[in-house]
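Because the structure is a prediction, the values reported are computed rather than measured.
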Amino acid sequence: MSKSNVGLSRRHFLKCAVVAGISVYLAPLYSRAFDVLFEEKILQSPDWNPLDKRIKFRIDGYAKVQGEKVFARDIRARDIPHWPKKQGHAFLLRVTQADKIYQGFDLSLLKDGLMPDRIVTAADLEKDGVEFPAFYGNDMLLPTGKTPAYLGQAVALLIYHDFARFNFAKETLKFRDDIFQYGEYTGPLQRDPWGSYRGVRIGGETPFSPDVFSSMKDMPISPIGMKKHLPVWPEGREGGKLDQEGMYYADQLAKQLANPPEDWLVIKRNYYSQSIDTSALEPDNANGWYDPETESFHLVIPTQSPQEVSASLPGMLAKSNFPIKRIFLHPCFTVGYGSKDHSPFPYYGAMATLYGDGVPIRLANDRYEQFQSTLKRHAFDMDYTLAVNKKTHKIEALSATYIGDGGGRSNFTPSVVMVGATGAQGVYYIPRSDLSAVGIASRAVDAGSARGYGTLQAMSAMDMIMDEAAQLLKADPIEFRRTNLMQSGMKNTQGAIPGGAIRADEVLTRCSEHPMWADRAKRKAEYESANVGKRFGTGIACVQKDFGTGDEASFARVELTREGKIALFHSGAEIGTGMSTSQAVLCAKWLGKPSEENHFSVIDWSVLPMVTSGNPFAMAQEEQDKLAENPLWTPNYCSPASASNSAYFFSHSTEEAARLVFEYGLWPAAMSIWQEGIGGGQAAPLVVRREDARWVDGGLTADGLEVLSLSRLVTRTYEMGGLTGAVCHVFNRWQWAESDFHIQGKTRRLPVDGLALRFADKDYQVWDREKAYFPETRRSNAGVTYYSAVATIVELAIEEATGKVDLLDHHSVVECGNLIVPQLVSGQIQGGLAMGIGHALHEYLPLYEDGPGNGTWNFNRYHLPLAKDVAVWKQTSEVLPGLSDTDPPKGVAEVVMIPVVSAIVNAIADATGHHFQRLPVRSEDILEVLS
């Protein structure tokens, strides 16, 4: 059972851990539990309707609408009671050339007392032992004598102890490239790729037969070396080692595509998907105070990955020469779209804090700096070779290569290009495939975990080539897609079977019945007749995208207070998706109403001290089995808020914790009340089953029994010594880890790998698992098993004289399981569509010298789509109902962005007869085709 008791005093709860000899504390600025910072409660109690089981507002809605300080960008030193009231400021100098040796800078433009109070360079960092955590590479500030690794690389930090001088100085130096000094021309740095991937699959006789070769069955293929900064793949050899055998099948497929049978249509196309700025509402920022007297370090940050910062920051600071005993980390709600997932900016904020000379220092990007430095979406250059049988219209094979531009630092580039390749097939079944990807290093601004994560690039291209194939075969575009759909139980291009039912056929059927598609010829004729000089086009696209990473983990703690309130603590961070609201609402399924006290970005899980080690993606099965003998070991400690993981993966830990509180707390309490009295009480004449329990207006009932209020049930639970709190840790490698736990005399297998329980008012106890059942390590080769399907129809008009595209209307059909909060899904659909429309038509961002790295880009040059660009008043959408009320919710945040991209390009082809292959498709591109 239990090995350790953990007291939950306020002092203990604030303390997170001792890392690298430094005590780390967490104090979220928005949480009422930490009123040492703020007296007011920022998160509202949910406005819950027990009849329709719907929530009226987001729990952070009032605070955001009323302008309360929810975001880190709004926090100043005076807002935090124990900080000094004086607020300092800082900004970074970033070079705008990356092909010459950097030799320093000249600040002689700063007259009249505008010189900084402190200048920090690479020499200072080296002297003081300050450097990036290993994930982010070298040269936090570029030393003199080196060629910059990328455009916009930081070379110096300028610190001011007052705002006025800071502001004047920053304006004086803005856009002044002449302050930098360069030596000889070297050309851009030439480096090996950040990462590469290759997956080959040769299916069996039918889609359901065993594969001849696949990543899941055998292995993905790794390069054996590099030549001219490109991967060298193993030599193909039939019957050789697995990687050689895989390359043998790749070579055979290449030969067949080069000399195809007569009944094959082979299409070769090159596609390009541009780099974009994620344009997050909140630019990167940090505010920190280092108190040398108490050796305390305080940092306020917006981040999608607070656990990563809390784990990496102590090691960074411990290596420095600054004496630090305690770190206080304050993560806030933010908006990220991937730009704040493993971003280097918190560490720049930490650097600024160290050199503040006891003054709190705020480092905050303006929009020019944000364009120049924040993580971008990877530009992809893609070669597709698609073979389709002319008679059956079925796909025979696909060969594709992807080159993703990772920019100056690796970040998540190896993973992004791999996910792009493994997700490229979208909704289609492909019997034979060879998909390879390379993430190159370049002088572009860093690219990272931007929304879409490689699949927007690859899936959009796949649906464009499918649309062109349908045209060449003179097939109906929807029927051609339906002919090639992946069906339930079929395998993806890695050879893994997706989880659950594949419902893309239903999605496409709904689209085929919609007037925009069914009446497209009539609508085209009517529009063009009424609008001379304009061409009308209709496009369709359908994709299914993975959600999750294959390495998902989270913590959740659900507990009942004596007053009858529900409290939720979760490791997930709110990044604008509404996960804080949805996780609160999830508690209602088991506890009758949403949680009233809510805490997110929680880092302190000392009540359930899970430990991790090793690389979960590269771990041998024997290594995992050995490590799992420790009852508190897990392959991954915690996931950032990314990969559309909140609805399904974060919800799992919340729901399992709430379920346990119900099963071992509220349900026994209810039965004790219903069985009171002579002869077994009101329950005796009835057959009472736990699965018949239902929460109704007023409380809990089952099988016609008296409705019991939650407060009454909680009182009885405490009286009986029942379960009043549960902490769960969960892990998913395209399958949930399970464990056996001995609870109240019985062994139960639960879909969690870590558990702590609290009975009545006792302390939490860690419940050691008897045995763990982790997914096999080979499941990492699955690439993906969780999918959500979306199709989008687009109507647009093109002005022949200018090439201008007017998006007239669009309709989307979404399949995403049962909805937790329908309004949040609606918001994700609308926001995702806007991002996709921008990617397809507007968001042009050059990669190199004329791009954002030169520091001159802002929204005056970067066309972010406005309401008028997205058919805001006409667009419609529908969500397929779940197959039953037991369907789990699915991730939808990323997938809704993708099909509108290819639908727009396909609609332009319908209007012009030309299939564009480079994004964005701008008016000048169209005009060139029309002229």
Side-chain angles (χ1 to χ4, degrees), residues 92-105 121-122 132 135-156 175-196 223 225-232 270 272-277 344 348 368-382 401-414 416-417 437-448 450 457 844-857 861 918:
L92 289 159
L93 297 182
R94 295 181 178 275
V95 291
T96 55
Q97 298 182 42
D99 56 3
K100 303 176 183 69
I101 293 177
Y102 165 69
Q103 291 188 331
F105 55 89
T121 67
F132 267 141
F135 176 82
Y136 299 95
N138 301 317
D139 294 341
M140 196 171 191
L141 295 176
L142 179 68
T144 56
K146 278 190 172 184
T147 299
Y150 56 98
L151 296 158
Q153 186 167 5
V155 298
F175 312 134
R176 295 299 299 258
D177 298 343
D178 54 350
I179 67 173
F180 300 109
Q181 300 162 341
Y182 299 98
E184 66 176 296
Y185 175 83
T186 61
L189 294 181
Q190 301 297 309
R191 291 168 286 177
D192 284 344
W194 297 126
S196 57
M226 294 289 162
K227 185 177 182 179
K228 295 183 178 179
H229 305 295
L230 288 175
V232 177
N270 173 263
Y272 179 80
S273 181
Q274 81 278 23
S275 168
I276 65 106
D277 190 89
Y348 282 112
Y368 289 103
E369 293 167 317
Q370 186 73 359
F371 269 95
Q372 190 178 25
S373 64
T374 197
L375 297 174
K376 301 292 184 278
R377 178 179 293 154
H378 288 73
F380 264 51
D381 192 289
M382 302 168 280
T401 61
Y402 304 89
I403 298 177
D405 194 319
R409 294 186 186 276
S410 175
N411 204 276
F412 278 126
T413 293
V416 168
V417 296
V438 178
I440 63 170
S442 79
R443 65 191 186 280
V445 178
D446 302 356
Q457 300 91 318
Y844 171 71
L845 195 66
L847 276 170
Y848 301 124
E849 279 72 18
D850 54 347
N854 67 23
T856 66
W857 280 77
R861 301 179 65 184
R918 294 183 68 85

Stepwise side-chain hydrogen bond (donor to acceptor under 3.5 Å, both in side chains) test for Arg377 and Ser273:
CA-CA 10 Å; Arg377 178 179 293 154; Ser273 181; over 6 Å; no
Run the side-chain contact (heavy atoms from CB on, under 4.5 Å) check on Asn411 and Phe135 step by step: do they pass?
CA-CA 7 Å; Asn411 204 276; Phe135 176 82; 3.8 Å; yes
Output, in order, the C-alpha distance, side-chain angles, deciding distance and verdict of side-chain contact (heavy atoms from CB on, under 4.5 Å) for Tyr402 and Val417.
CA-CA 7 Å; Tyr402 304 89; Val417 296; 5.8 Å; no
Pair Lys376, Asp446 - check salt bridge (charged side-chain N to carboxylate O under 4.0 Å, His left out), show working.
CA-CA 6 Å; Lys376 301 292 184 278; Asp446 302 356; over 6 Å; no
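The OG1 atom of Thr147 sits 12.0 Å away from the CZ atom of Arg443 when rounded to the nearest 0.5 Å. Atoms CD1 and CG, on Ile276 and Leu845 in that order, are 8.0 Å from each other to the nearest 0.5 Å. Here the CD-CG distance, from Gln372 to Leu92, works out to 9.5 Å after rounding to the nearest 0.5 Å. One distance of note links CD of Glu184 with NZ of Lys100; it measures 11.5 Å at 0.5 Å rounding. Of the inter-residue distances, the one linking Gln181 atom CD with Ile179 atom CD1 reads 9.5 Å to the nearest 0.5 angstrom. A distance of 6.5 Å separates OH of Tyr844 from CH2 of Trp857, quoted to the nearest 0.5 Å.
Across every non-hydrogen atom of Pro414 and Trp194, the tightest pair is CG-O, 3.2 Å. Contact record, Ala149 with Leu189: CA-CD1, 3.7 Å, taken as the closest heavy-atom pair. For Ser275 against Leu847, the heavy-atom pair with the smallest separation is CB-CD2, 3.7 Å. In this structure, Pro852 and Phe371 approach most closely via the heavy-atom pair CB-O, 3.1 Å. Residues Asp850 and Arg861 come closest through the heavy atom pair O-NH2, 4.3 Å. For the residue pair Leu151 and Val445, the shortest heavy atom distance occurs at O-CG2, 3.9 Å.
With a 4.5 Å cut-off on side-chain heavy atoms, Pro231 and Met226 count as touching. For the pair Gln153/Arg409, a side-chain contact is recorded, criterion being any heavy-atom separation below 4.5 Å from C-beta on. At least one side-chain heavy atom of Asp381 sits under 4.5 Å from a side-chain heavy atom of Asn270. By the 4.5 Å heavy-atom criterion applied to side chains, Pro188 and Asp99 are counted as neighbours.
Looking at residues two or more places apart in sequence or on another chain, you find a ring pair (Phe, Tyr, Trp, His ring centres under 6.0 Å) between Phe132 and Tyr136, Tyr348. Residues satisfying the side chain to side chain contact (heavy atoms under 4.5 Å, CB included) test with Ile440, not counting sequence neighbours, are Ile403, Asp405, Val438.
Side-chain atoms of Asn854 come within 3.5 Å of backbone N or O of Glu849 as a donor-acceptor pair. Of the possible polar contacts, one joining the His229 side chain to the Arg191 backbone as a donor-acceptor pair under 3.5 Å is found. In this structure, the side chain of Ser373 engages the main chain of Glu369 through a donor-acceptor pair within 3.5 Å.
Using cut-offs of 30° and 60° for the angle between ring planes, the Tyr182 and Phe180 rings count as tilted.
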